[in-house]
Amino acid sequence: NAGVMQNPRHLVRRRGQEARLRCSPMKGHSHVYWYRQLPEEGLKFMVYLQKENIIDESGMPKERFSAEFPKEGPSILRIQQVVRGDSAAYFCASSPGANSNQPQHFGDGTRLSIL
Amino acid sequence: SQQGEEDPQALSIQEGENATMNCSYKTSINNLQWYRQNSGRGLVHLILIRSNEREKHSGRLRVTLDTSKKSSSLLITASRAADTASYFCATGSPIQGAQKLVFGQGTRLTINP
């Protein structure tokens, strides 16, 4: 039973480039969440998606960041024109449905480094 | 603002001892969850305790919840070197039936052999 799969595990980009982070939820899960973790800190919510819908993006910066979860394929977190401050670990989590008493299952994250 | 705040920020104990970590939060909750994060890895769900529960056990883990004090504790008994990790509490902020988790900064637990 594969868990939440994120790739790449490590991503290095130069300032101004684009970063694309991918997340495949657990089998049977249709709800995806993205979180960002800065060094020595807890995770901060970014966005919650269901298939083809963004439900809550209140934690996403207004510019340069976007997320999608298409009908087919993984969820994508896209960061355009990256800056040094985007360096962080980005985690994806999934859950089977909209039940607040179900835990979220996390992937191992993508560590983004901006040169 | 931070919902969950863990205390202490770092804890170092000898193998075999018990480890207690505390978490405080600010608003009303449906449930509170504890997660473990090993270095360089994602979060692993440990226990979910609902707002109408006071205590929950899972193996060597014991979680308590005091909604009147808006606090929770995680006790790991008979600690092992493999328990070395960061531990986070998280509360859920509802969004259309699901929830976005709000994490504290975590407690870094080190078990010395």
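Values below: every heavy atom of this structure, side chains too, minus hydrogens, waters and symmetry copies. What you see is a predicted model, and the numbers here were worked out from it, not measured in a lab. Reminder, nothing fancy here: chain letters follow the sequence lines and each chain counts from 1.
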Group every Ile, Leu, Val, Met, Phe, Trp and Tyr by side-chain heavy-atom contacts under 4.5 Å, then state whether [X] and [Y] land in the same group.
X: A:Y90; Y: A:L11; value: yes
X: A:L21; Y: B:L43; value: no
X: B:L74; Y: B:I13; value: yes
X: B:I29; Y: B:I47; value: yes
X: B:V102; Y: A:M46; value: no

Q | Any donor-acceptor pair under 3.5 Å from A:D108 side chain to B:G42 backbone | A | yes

Q. Do A:F45 and B:F103 make the cut of ring centroids closer than 6.0 angstrom?
A. no

Q. By a 4.5 Å heavy-atom criterion (distance strictly below it), what part of B:Q9 contacts chain A: side chain, backbone, both, or neither?
A. neither

Q | Heavy-atom closest contact (B:F88 atom, A:Q37 atom, distance) | A | CZ-NE2, 3.8 Å

What distance do [X] atom [atom1] and [Y] atom [atom2] have between them, rounded to the nearest 0.5 Å?
X: A:I55; Y: B:K100; atom1: CD1; atom2: NZ; value: 12.5 Å
X: B:H45; Y: A:Q104; atom1: NE2; atom2: CD; value: 9.5 Å
X: B:R41; Y: A:F91; atom1: CZ; atom2: CZ; value: 10.0 Å
X: B:L101; Y: A:Y35; atom1: CG; atom2: OH; value: 3.5 Å

Q.
Just checking B:Q14: does its CD atom have more than 12 heavy atoms from other residues, nucleotides or ligands closer to it than 6.0 angstrom?
A. yes

Q: Count the heavy atoms belonging to other residues, nucleotides or ligands that lie under 6.0 Å from CZ of B:R50, then report whether that count exceeds 12.
A: no

Q. When only heavy atoms count and the cut-off is under 4.5 Å, which of residues 54-63 of chain B reach chain A?
A. none

